[in-house]
Asker: 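Please read through the structure below; I'll follow up with questions.
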Amino acid sequence: MPRALVIGGSLGGLLAAHLLRSIGWDAVVFERNSEELASRGVGLGTHPQLGAALRRAGIAFDETMGIRVPKVICLDREGRVIVAQPTTRVMSGWARLYRALRDALPAQDYRLGNVLQRIEQDPDGVTAIFADGTRERGELLVGADGVRSTVREQFLPQAQPLYAGYVAWRGVLDEAQVPPAIRREIFDLYTICLPEGEQLIGYPVPGRDNDTAVGRRSYNIVWYRPIDAQTLAGMCTDAAGTRHPGGIPPPLIRAEVIAHVKADAERQLPPQIAEIFVRTVPFFQPIFDLESPRLVFGRVVLAGDAAFVVRPHVGAGATKAAVDAVTLADCLHETGDDIARALSRYEAAQRKFGSAMVALAREQGAYLSAQLKPRHERTAGERDRDIGAILHAHGTRSDQVGAMVAARGIDARI
Ligand SMILES: Cc1cc2nc3c(=O)[nH]c(=O)nc-3n(C[C@H](O)[C@H](O)[C@H](O)COP(=O)(O)OP(=O)(O)OC[C@H]3O[C@@H](n4cnc5c(N)ncnc54)[C@H](O)[C@@H]3O)c2cc1C
């Protein structure tokens, strides 16, 4: 049985391991963290292709996997509904998907505390060398080690994430802590707010313990705010003066940075959303674009965020990782495990797909990126937002992702 070494134990790595196992490979996941990744309880959008990939991994995409939102609304600063339209999205959470994928993998094939350091290859196989000196050998290595990928750094040091000019402030609140009137009014809906130069979305997600039952869910806020690189550097400096250029761990964000964003929330957001946001312990993530010009290096292949980072507007980071995993498995299966041929087909399909996804998300975030330019240098679309266009983009996202999947020229079963 051929063996795949999968580097990275988040959604991308788990999806790749499951799909490879579904075609008869032995796939082992190596994750650098020494403890279970269980604490990233933030919301995550889904698309039908993610559900299809999970089903191929033997995991049901049922009502426990996320919360179906029936309507999208846009609130003005005073909290009035200015637009409302039906929607059909299912909002899940990183932790919910992680749990399902992790539980379905045999414990001995998910190895914590393995920090990949470098990779060696020869005509017969690939060797992963870990920080403690351990060596593991396989026929294929999948680099699913995220935006700061060690695998990509070894083969493509020039491919670096580019800061998009804004951050996403995120806050999650237990349903029981949302004031009852606000809960009744907006909790079940997908809410968009457009403060000047900014954008915010709020929606329900599975709660603590991944519960989707009414009363036990959580509310998730993502607030996009343009921040210039210098201010960002200050925000990414902790109380001890240490800088965290790629993004500061949430517990290290300085108290005054949090106090500042909460004060802004009370001034700039609709009252319902501000009331929720100020009750959270918010944190921020700088938004990046990343496009890898190559995905295959001999027996090594990039997948998920290690290959392409899609801005969150399309809500499709996990879906893209799922499409990568399905395509890789299908290419290997269809070529009878001829690794060179399979990987070349994978690269042709997923470079096209990844670039199209990055472009779509960049287009949807263009208004936010443009806010750092002087107003007179912005195009009309960058100065004024068209709510209709935002709602249209929201409504057609899954169709656009589906069209991109179909356009890859691979007969994958998704
Ligand atoms: C603000 C924001 C909102 C988002 N919203 C959505 C959304 O609504 N919907 C959606 O689908 N996606 C969303 N995403 C993206 C989504 O979280 C990721 O795209 C998805 O989890 C796939 O990532 P991944 O597994 O490839 O990488 P990651 O999740 O980054 O995981 C990489 C893993 O590799 C491990 N690792 C790194 N280096 C090494 C090493 N040297 N050795 C061993 N292990 C290593 C890391 O510890 C980590 O566990 C959002 C992202 C952001 C920033």
Side-chain angles (χ1 to χ4, degrees), residues 6 8-18 29 31-33 35-47 49-51 53-54 57 59 61-69 89-105 110 112 144-149 167-175 190 201-212 216-224 246-247 249-251 280-288 303-306 308-325 357 361 401:
V6 178
S10 173
L11 303 184
L14 282 165
L15 282 158
H18 276 290
V29 176
E31 165 56 43
R32 75 174 161 198
N33 281 292
E35 286 174 15
E36 284 283 330
L37 316 178
S39 58
R40 303 185 192 176
V42 290
L44 197 135
T46 70
H47 297 275
Q49 295 77 16
L50 177 62
L54 289 170
I59 298 166
F61 193 83
D62 57 21
E63 68 285 351
T64 68
M65 205 54 96
I67 295 164
R68 194 170 288 279
V69 286
R89 295 206 62 192
V90 176
M91 310 312 294
S92 187
W94 183 93
R96 176 68 189 96
L97 293 170
Y98 172 78
R99 203 62 267 157
L101 288 159
R102 171 78 185 85
D103 287 350
L105 202 68
Y110 188 86
L112 290 163
D145 51 346
V147 59
R148 307 274 162 199
S149 166
V167 303
W169 271 98
R170 313 200 72 173
V172 182
L173 191 66
D174 289 347
E175 185 170 3
Y190 188 101
I201 54 175
Y203 51 84
V205 293
R208 286 175 200 270
D209 306 323
N210 295 320
D211 210 328
T212 52
R216 304 178 63 83
R217 303 168 295 176
S218 292
Y219 194 78
N220 177 77
I221 288 176
V222 187
W223 183 9
Y224 299 108
T280 69
V281 181
F283 64 96
F284 66 89
Q285 296 166 303
I287 301 302
F288 294 102
D305 280 10
F308 289 89
V309 174
V310 179
R311 296 187 195 182
H313 309 292
V314 190
T319 299
K320 193 191 80 62
V323 176
D324 287 349
M357 292 280 282
V401 173

Asker: What distance separates Leu54 CG from Leu101 CG, expressed to the nearest 0.5 Å?
Answerer: 5.5 Å
Asker: A side-chain contact here means heavy atoms from C-beta on lying under 4.5 Å apart; do Pro251 and Phe283 qualify?
Answerer: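 Of all side-chain heavy-atom pairs linking Phe283 with Pro251, none is under 4.5 Å.
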Asker: Specify the closest pair of heavy atoms between Val222 and Ala168, including all atoms of both residues, with the distance to one decimal.
Answerer: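 The answer is CG1-CB, 3.9 Å.
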Asker: Nearest 0.5 Å, please: how far is CG in Asn210 from CZ in Arg99?
Answerer: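 That separation rounds to 8.0 Å.
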Asker: Indicate yes or no for a side-chain donor-acceptor contact from Arg102 to the backbone of Leu14 under 3.5 Å, with no hydrogens or angles considered.
Answerer: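 Between the backbone of Leu14 and the side chain of Arg102 there is no qualifying donor-acceptor contact (under 3.5 Å).
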Asker: Can you give me the closest heavy-atom contact between Ile67 and Pro206, atom names plus distance?
Answerer: CD1-N, 3.7 Å
Asker: In the structure I gave you, are the side-chain heavy atoms of Ile221 and Ile201 within less than 4.5 Å of one another anywhere?
Answerer: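 No, too far: nothing below the 4.5 Å cut-off.
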Asker: Can you measure from CZ (Phe308) to CG (Asp324) and round to the nearest 0.5 angstrom?
Answerer: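 Output value for this atom pair is 8.5 Å.
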Asker: Please report the closest heavy-atom contact between Ala316 and Val401, naming both atoms and the distance.
Answerer: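 For Ala316 versus Val401, the nearest heavy atoms are CB-CG2, 4.5 Å.
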Asker: Rounded at 0.5 Å granularity, tell me how far OG in Ser218 sits from CZ in Arg208.
Answerer: 7.0 Å
Asker: Are the side chain of His18 and the backbone N or O of Ala325 linked by a donor-acceptor pair below 3.5 Å?
Answerer: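 No.
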Asker: Considering residues at least two apart in sequence or located in another chain, which fulfil the side chain to side chain donor-acceptor pair (under 3.5 Å) criterion with Arg96?
Answerer: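 In terms of side chain to side chain donor-acceptor pair (under 3.5 Å), with neighbours along the sequence ignored, Arg96 is linked to Thr64.
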Asker: Keeping the roles fixed (side chain from Tyr110, backbone from Gly9), state whether a donor-acceptor pair exists under 3.5 Å.
Answerer: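 Yes.
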Asker: Do other residues, nucleotides or ligands put more than 12 heavy atoms under 6.0 Å from Arg148 CZ?
Answerer: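 Enclosed.
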Asker: Please tell me if the side chains of Val29 and Leu105 come closer than 4.5 Å, counting only heavy atoms from C-beta onward.
Answerer: yes
Asker: Can a side-chain donor-acceptor contact be found between Asn33 and Glu31 if the only test is distance below 3.5 angstrom?
Answerer: yes
Asker: Quick one: does Pro204's side chain get under 4.5 Å of Val69's, heavy atoms only?
Answerer: yes
Asker: Could you give the distance from CD (Glu175) to OH (Tyr219), rounded to the nearest 0.5 Å?
Answerer: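 Those atoms lie 11.5 Å apart.
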Asker: Can you name the side-chain contact (heavy atoms from CB on, under 4.5 Å) partners of Asp145, sequence neighbours left out?
Answerer: Ile7, Ser149, Thr150, Val151, Ala306
Asker: Test of understanding: with side-chain contact (heavy atoms from CB on, under 4.5 Å), list the residues that count as partners of Pro312, not counting sequence neighbours.
Answerer: Tyr224, Ile287
Asker: For Lys320 and Met357, indicate whether the former's side chain and the latter's backbone hold a donor-acceptor pair under 3.5 Å.
Answerer: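 Not at all, since once roles are kept as given, no pair shorter than 3.5 Å links the two residues.
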Asker: Could you check if a side-chain atom of Glu36 sits within less than 4.5 angstrom of a side-chain atom of Tyr98, using non-hydrogen atoms only?
Answerer: yes
Asker: Without swapping roles, check the side chain of His47 against the backbone of Gly315 for a donor-acceptor pair under 3.5 Å.
Answerer: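 Yes.
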Asker: Run the numbers on Val172 and Thr280 for side chain to side chain contact (heavy atoms under 4.5 Å, CB included), then give the verdict.
Answerer: CA-CA 6 Å; Val172 182; Thr280 69; 5.8 Å; no
Asker: Return the set of residues passing ring-ring contact (aromatic ring centres under 6.0 Å, His included) with Phe288 (not counting sequence neighbours), or none when no residue passes.
Answerer: none
Asker: Using ring-ring contact (aromatic ring centres under 6.0 Å, His included) as the criterion, list what pairs up with Phe284, not counting sequence neighbours.
Answerer: Trp169
Asker: Can you tell if the side chain of Gln285 reaches within under 4.5 Å of the side chain of Arg170, non-hydrogen atoms only?
Answerer: yes
Asker: Do you know which two heavy atoms are closest between Gly43 and Val205, and how far apart they sit?
Answerer: CA-CG1, 3.5 Å
Asker: Identify, with sequence neighbours excluded, every residue that meets side-chain contact (heavy atoms from CB on, under 4.5 Å) alongside Thr46.
Answerer: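 Here the qualifying residues are Leu50, Phe61, Val90, Ser92.
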Asker: With a 6.0 Å cut-off (strictly less than), is the heavy-atom count around CG of Asp62, excluding the residue itself, greater than 12?
Answerer: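 Counting other residues, nucleotides and ligands, CG of Asp62 exceeds 12 neighbours.
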Asker: Of all heavy-atom pairs between Ala321 and Gly12, which one has the smallest distance, and what is that distance?
Answerer: CB-CA, 3.8 Å
Asker: How close do Leu15 and Ala318 get, heavy atom to heavy atom, and via which atoms?
Answerer: CD1-O, 4.0 Å
Asker: Determine whether Glu35 and Leu112 make a side-chain contact, defined as any pair of heavy atoms from C-beta on separated by less than 4.5 Å.
Answerer: no
Asker: Any heavy-atom pair between the side chains of Leu44 and Leu11 that's under 4.5 Å?
Answerer: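 Of all side-chain heavy-atom pairs linking Leu44 with Leu11, at least one is under 4.5 Å.
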